[in-house]
Amino acid sequence: MDFDARAFALPECHSVMRSKFETTQGGIPNPVFKNVDGWNHTQSLSEFTRLSATFARQEVPHDRRLLGRIFYRNWNQHRNATYFRRLYELRRALRILEQAKPRELIEQIAQAFYGPETAKGARKISNWVALPCQHSMTALAGRIAHIARLVSKIQAICCNVYIHFTAQVAQTLFMPLSLVVQGLSSRLHLLLGIWHQDLSALYAMLLKWLPSLPACPDSLSDNKITSEMASKLPQIDSLSLPQPLDGDVSRAASIATQMQKDAECEIAYEDDVLPVDTKENKNKNNNNKKRARQRVLDIYGDGL
């Protein structure tokens with residue numbers, strides 16, 4: 001079944017208070033939450049907080065804004081070039097990643113553990129007061145899978161941008177633009193690799209955590225919807241899309257190096273060989289003129 005991210009629209013999160021499923025000393029466990037009480041939710045929340053901290057950093061948004069400035073500055077001159085179309089594709093993919101709002105998505109779920117009245121700086125992992133329901137966390141897992149696949153796609157686009165601008169560097173064309181774009185695409189590829197690693201680990205952790213979360217407390221009909229949604233979740237292996245091989249990048253770099261050497265040889269040929277040939281041609285032409293004049297003198301004598 002093909003993965004459709006639109007099927008995992010994040011619903012309203014319904015939380016179940018911690019006091020409802022945790023049994024005190026001498027208390028009777030609630031059979032409705034027997035799957036919840038046997039899981040170490042504090043440890044899972046700690047891992048969830050650690051992995052989601054990656055998306056709060058500003059490196060990728062900063063590079064996206066820098067890429068936008070470079071794009072607008074060079075649009076009029078390079079908009080019809082093939083290499084600039086790859087840059088346009090990268091800019092568009094980063095804009096889609098921004099619209100996915102991974103930071104706000106994680107923050108919305110984090111509030112379900114502590115409640116809206118608890119400030120972000122006052123949250124402690126051991127002091128969580130509630131658990132989000134299975135329905136909202138299943139939708140969150142689907143959204144995270146969508147973002148992970150998108151990040152993997154952007155990594156492939158970064159490789160294509162690097163390869164196309166390598167050819168421009170080899171021809172010594174638009175060197176400032178080419179070098180800046182190469183460095184920016186390399187940095188984005190590295191940062192998004194960290195994003196994809198943490199997203200995959202977060203998704204794998206959620207798949208293990210979902211069966212131990214409480215069902216939606218509002219209605220029993222949501223359990224069937226949650227089961228259908230969980231059956232559509234993709235496998236972990238499908239989060240990584242095919243990437244350009246390292247051999248393709250190395251081959252492009254070697255071709256660029258060879259083109260640079262050929263260009264240097266052509267410059268050396270123009271500087272060294274052509275002036276010598278031109279001088280020899282001039283001497284040869286002068287000798288031919290002298291021989292022709294001598295023949296005319298031999299035929300007609302000194303009367304010319």
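Here the structure is a predicted model, which means the values were calculated and not measured. Here, residue 1 is the first one in the sequence, and each next residue gets the next number.
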State, with a plain yes or no, whether a side-chain heavy atom of [X] is found less than 4.5 Å away from one of [Y].
| X | Y | value |
| --- | --- | --- |
| Tyr162 | His189 | no |
| Tyr203 | Leu233 | yes |
| Lys153 | Arg149 | no |
| Arg103 | Gln58 | yes |

Distance, nearest 0.5 Å, that separates [atom1] of [X] from [atom2] of [Y]:
| X | Y | atom1 | atom2 | answer |
| --- | --- | --- | --- | --- |
| Arg143 | Ile106 | CZ | CD1 | 11.5 Å |
| Leu87 | Ser185 | CG | OG | 9.0 Å |
| Ser212 | Met137 | OG | CE | 11.5 Å |
| Glu59 | Leu190 | CD | CG | 10.0 Å |
| Ile163 | Cys158 | CD1 | SG | 11.5 Å |
| Asp63 | Arg187 | CG | CZ | 4.5 Å |

Do you know the tightest heavy-atom contact between [X] and [Y]?
| X | Y | answer |
| --- | --- | --- |
| Val169 | Gln182 | CG2-OE1, 3.4 Å |
| Ile157 | Ala93 | CD1-CB, 3.9 Å |
| Arg85 | Asn80 | NH2-O, 3.5 Å |
| Leu51 | Phe55 | O-CE1, 3.9 Å |
| Ala204 | Ile236 | CB-CD1, 3.6 Å |
| Leu202 | Phe48 | CD1-CD1, 3.5 Å |

Does the side-chain contact (heavy atoms from CB on, under 4.5 Å) test come out yes or no for Val151 and Leu199, once each step is laid out? CA-CA 9 Å; Val151 167; Leu199 283 168; 4.1 Å; yes
Would the number of heavy atoms belonging to other residues, nucleotides or ligands and lying under 6.0 Å from CD of Gln43 be above 12?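 Result for CD/Gln43: open.
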Who are the side chain to side chain contact (heavy atoms under 4.5 Å, CB included) partners of Ile70, not counting sequence neighbours?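 Partners of Ile70 by the side chain to side chain contact (heavy atoms under 4.5 Å, CB included) criterion, ordered by chain and then number, come out as Leu66, Asn74, Leu177, Val180, Val181, Leu184.
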Assess the residue pair Leu210 and Leu213 against the criterion (side-chain contact (heavy atoms from CB on, under 4.5 Å)); give the C-alpha distance rounded to whole Å, side-chain angles, the decisive distance to 0.1 Å, and a yes or no. CA-CA 5 Å; Leu210 284 175; Leu213 291 174; 4.0 Å; yes
Hey, can you tell me if Phe84 and Trp75 have their rings parallel, tilted or perpendicular (30° and 60° cut-offs)?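 The rings of Phe84 and Trp75 sit tilted, inter-plane angle from 30° to 60°.
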Give the ring-plane orientation class for Phe165 versus Tyr83, where under 30° counts as parallel, over 60° as perpendicular and anything between as tilted.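 If you compare the ring of Phe165 with that of Tyr83, the planes turn out perpendicular.
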Indicate yes or no: does Glu89 engage Arg92 in a salt bridge with an N to O separation below 4.0 Å.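 Looking at Arg92 together with Glu89, the answer is no, because their closest N to O distance does not fall below 4.0 Å.
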Under 3.5 Å: donor-acceptor pair, side chain of His196, backbone of Leu192: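 Checking the backbone N and O of Leu192 against the side chain of His196, no donor-acceptor pair under 3.5 Å is found.
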Checking Ser46 side chain against Thr42 main chain: does a donor-acceptor pair fall under 3.5 Å?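 Checking the backbone N and O of Thr42 against the side chain of Ser46, no donor-acceptor pair under 3.5 Å is found.
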Given Leu97, Val60, Leu188, Ile96, the one that forms side chain to side chain contact (heavy atoms under 4.5 Å, CB included) with Ile154: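 That would be Leu97; it is the only one of Leu97, Val60, Leu188, Ile96 passing the side chain to side chain contact (heavy atoms under 4.5 Å, CB included) with Ile154.
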Could you work out, with salt bridge (Lys or Arg N to Asp or Glu O under 4.0 Å) as the rule, every residue matching Arg91, not counting sequence neighbours?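 Result, salt bridge (Lys or Arg N to Asp or Glu O under 4.0 Å) vs Arg91: none returned.
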I would like to know whether Leu140 and Ile144 meet side-chain contact (heavy atoms from CB on, under 4.5 Å); could you show each step before the answer? CA-CA 6 Å; Leu140 174 66; Ile144 288 176; 3.9 Å; yes
